[in-house]
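Working notes, structure below.
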Amino acid sequence: MVARRKVAVVGVALSDCGRVNDATPYALHAQAARRALADAGLDRSLVDGFASAGLGTLAPVEVAEYLGLRPTWVDSTSVGGSTWEVMAAHAADAIAAGHARVVLLAYGSTARADIRAGRRTGTLSFGARGPLQFEAPYGHTLIAKYAMAARRHMIEYGTTIEQLAEVAVQARANAALNPEAMSRTPVTVDEVLSGPMIADPFTKLHCCLRSDGGAAVLLAAEEYVRDCRTSPVWVLGSGESVSHAAMSGWPDFTVSPAAVSGRLAFARAGVRPTEVDFAEIYDAFTYMTLVTLEDLGFCGKGEGGAFVEKGRLRVEGGALPVNTDGGGLSAQHPGMRGLFLLVEAVRQLRGECGQRQVRRRGGALPRLAVASGTGGWFCSSGTVVLAAG
């Protein structure tokens with residue numbers, strides 16, 4: 001039996017992000033991929049695995065061709081926002097088993113520019129076929145699904161709208177430290193609550209930005225780490241889970257599939273949530289952050305509201321910094337944002353984040369991080385535990 005190889009993230013990068021009016025999604029893929037390869041210091045010829053989703057008729061075939069790659073291992077898993085954590089897990093397994101040596105994950109989207117130019121409209125639903133035929137015709141939009149789940153948590157556990165607003169306030173405080181974030185002006189709880197209503201109980205600032213942007217992550221087998229210009233960030237463990245297709249099939253609106261993916265990831269990594277220095281959590285809406293914190297085990301079920309109070313999620317002075325770049329609520333959100341979580345986690349573990357750099361007690365760099373993506377309307381989850389080299 002062949003011994004399983006250790007796997008590290010050796011390169012990460014973002015493309016131009018925010019307001020990008022003059023690029024195609026393919027160009028953003030390529031820009032992020034080139035930057036990730038440069039970050040790692042590896043030659044493109046070593047890349048024999050490629051994973052991508054969300055673009056083209058035959059993703060990742062079209063994107064790989066655009067990038068000039070001819071991979072012998074591919075993945076096009078598409079499960080919404082959690083796609084990239086799931087793909088990272090698949091890539092790590094393939095590398096560990098010897099099926100690939102270096103795998104590139106790449107994403108790019110011009111979601112904001114396309115709407116601005118009239119090339120598409122805002123996505124209100126994911127379609128009306130299959131199980132969704134029983135919801136979409138009645139105006140049950142994507143955001144309405146999250147709003148319903150948040151309201152259930154409020155009823156079940158007494159979570160307040162002010163506590164949910166704290167998630168947005170602290171994300172913006174972190175974004176203020178990130179020169180690349182789209183929205184950096186501090187906000188207050190009152191400003192979040194007084195904004196225009198989008199889907200009760202969510203006002204505008206409870207909801208993510210719509211931006212353009214791309215990201216890329218390069219994973220490699222342990223024998224290539226010595227050839228890289230950056231310090232490795234090791235993949236310790238991962239987990240994935242799916243829950244439901246229609247809201248009527250969701251047993252409990254207050255429990256996300258991160259309850260399963262997180263448990264698996266921590267068990268496989270051999271660490272406990274209490275050992276983690278910071279977390280990157282998918283935050284298309286404030287409730288996603290709160291309930292994922294519960295389901296990953298950072299606090300008990302129903303305790304998320306109290307947990308997010310008193311600045312716990314802030315880079316500056318927070319007990320558990322969360323979404324250290326500002327997250328989808330304030331930094332950028334071009335669609336399936338899960339790859340951005342991995343980029344930020346790796347940069348933090350390598351100590352490259354400047355003013356927003358997370359520090360342990362005594363000023364040491366962080367050692368352990370978790371990135372957890374959520375897809376659809378809490379339909380899927382992927383969680384990855386990472387360690388500094």
Side-chain angles (χ1 to χ4, degrees), residues 9 12-14 17-18 39 81 84-85 88 166-187 205 208-209 211 213 215 217 230-231 233 258 262 273-286 288-290 292-293 296 298-299 304 307-334 337-374 383-388:
V9 179
V12 297
L14 301 182
C17 292
D39 182 58
W84 306 102
E85 282 66 39
E166 271 290 346
V167 175
V169 169
Q170 294 177 59
R172 184 63 63 86
N174 292 343
L177 306 175
N178 178 10
E180 296 180 338
M182 281 186 74
S183 297
R184 302 181 64 200
T185 304
V187 295
L205 292 179
C208 66
L209 303 167
S211 75
V217 168
T230 55
S231 299
V233 170
T274 53
E275 299 176 73
V276 169
D277 296 309
F278 66 93
E280 306 298 338
I281 292 174
Y282 207 95
D283 62 338
F285 307 99
T286 53
M288 297 175 75
T289 302
L290 185 147
T292 305
L293 285 167
L296 291 178
F298 292 111
C299 59
F307 184 85
V308 302
E309 292 179 329
K310 301 180 181 178
R312 276 193 174 94
L313 313 185
R314 294 175 183 254
V315 169
E316 295 183 330
L320 179 73
V322 172
N323 296 338
T324 52
D325 63 346
L329 292 170
S330 288
Q332 77 289 110
H333 197 301
R337 192 179 180 272
L339 200 54
F340 292 74
L341 309 182
L342 294 169
V343 171
E344 177 67 9
V346 169
R347 287 176 168 175
Q348 286 285 349
L349 290 170
R350 297 194 314 205
E352 300 172 347
C353 291
Q355 192 178 2
R356 71 178 188 279
Q357 181 62 53
V358 172
R359 297 281 178 178
R360 302 171 73 196
R361 186 171 298 178
L365 290 175
R367 298 293 300 166
L368 285 174
V370 62
S372 189
T374 301
T383 302
V384 180
V385 180
L386 300 166

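Just so it is clear, the values below take in all heavy atoms, side chains as well, and ignore hydrogens, waters and symmetry mates.
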Is a donor on one side and an acceptor on the other found under 3.5 Å between the side chain of Arg172 and the backbone of Thr185?
yes

Short side-chain to backbone donor-acceptor contact, Asp283 and Phe285, under 3.5 Å:
no

Gln357 side chain to Arg347 side chain, donor-acceptor N/O pair below 3.5 angstrom
no

Ala175 and Ser330 have their tightest heavy-atom pair at CB-CB, 3.5 Å

Has Gln332 got a side-chain atom pairing as donor or acceptor with Cys17's backbone, closer than 3.5 angstrom?
no

Leu341 vs Ser372, side-chain contact (heavy atoms from CB on, under 4.5 Å): CA-CA, chis, key distance, verdict:
CA-CA 8 Å; Leu341 309 182; Ser372 189; 5.9 Å; no

Distance col, row Thr374:OG1 vs Met288:CE, nearest 0.5 angstrom, shows 4.5 Å

Heavy-atom closest pair (Ala215 atom, Val343 atom, distance to 0.1 Å) is CB-CG2, 4.1 Å

Which value, rounded to the nearest 0.5 Å, describes the distance between Leu365 atom CG and Cys353 atom SG?
10.0 Å

Locate the shortest heavy-atom distance separating Leu296 from Gly262; write the atom from each residue and the value.
CD2-CA, 3.6 Å

Do the charged groups of Arg314 and Glu316 touch, with an N to O distance under 4.0 Å?
no

How close do Phe340 and Gly213 get, counting heavy atoms only, and between which atoms?
CZ-C, 4.0 Å

CA sep, side-chain torsions, deciding dist, call: Leu290, Phe307, side-chain contact (heavy atoms from CB on, under 4.5 Å)
CA-CA 8 Å; Leu290 185 147; Phe307 184 85; over 6 Å; no

Report yes if the side chains of Leu329 and Leu205 come closer than 4.5 Å at any heavy-atom pair, otherwise no.
no

Six-ring centre of Tyr282, Arg337 cation under 6.0 angstrom, axis tolerance 45°:
no

If I compare all heavy atoms of Asn174 with all of Val322, which pair ends up nearest, and what's the gap?
ND2-O, 3.1 Å

Which value, rounded to the nearest 0.5 Å, describes the distance between Leu177 atom CG and Asp325 atom CG?
11.0 Å

Say whether, by atom type as modelled, one donor and one acceptor occur between the side chain of Asn178 and the main chain of Arg356 under 3.5 angstrom.
no

Please check if any side-chain donor atom of Thr324 sits under 3.5 Å from a side-chain acceptor atom of Glu344, or the reverse.
yes

Minimum side-chain heavy-atom gap Val217-Val346 below 4.5 Å:
no

About how many Å separate OG1 of Thr289 and CD of Gln170, when rounded to the nearest 0.5 Å?
10.0 Å

Rounded to the nearest 0.5 Å, what's the gap from CG on Asp277 to CG on Leu349? Could you check?
8.0 Å

Heavy-atom distance under 4.5 Å between the side chains of Leu293 and Val308, does that happen here?
yes

When you compare the side chains of Arg350 and Ser231, does any donor N or O come within less than 3.5 Å of an acceptor on the partner?
no

How long is the straight-line distance from CG of Leu339 back to CD of Glu85, given to the nearest 0.5 Å?
7.5 Å

Please report the shortest heavy-atom distance between Trp84 and Leu342, naming the atom on each side.
O-CD1, 3.8 Å

Hey, are the side chains of Val370 and Phe278 touching, using non-hydrogen atoms and a 4.5 Å cut-off?
no

Under 3.5 Å, is there a donor-acceptor pair between the side chain of Asn323 and the main chain of Glu280?
no

Could you walk me through whether Leu320 and Arg312 pass the side-chain contact (heavy atoms from CB on, under 4.5 Å) test, one step at a time?
CA-CA 6 Å; Leu320 179 73; Arg312 276 193 174 94; 5.7 Å; no

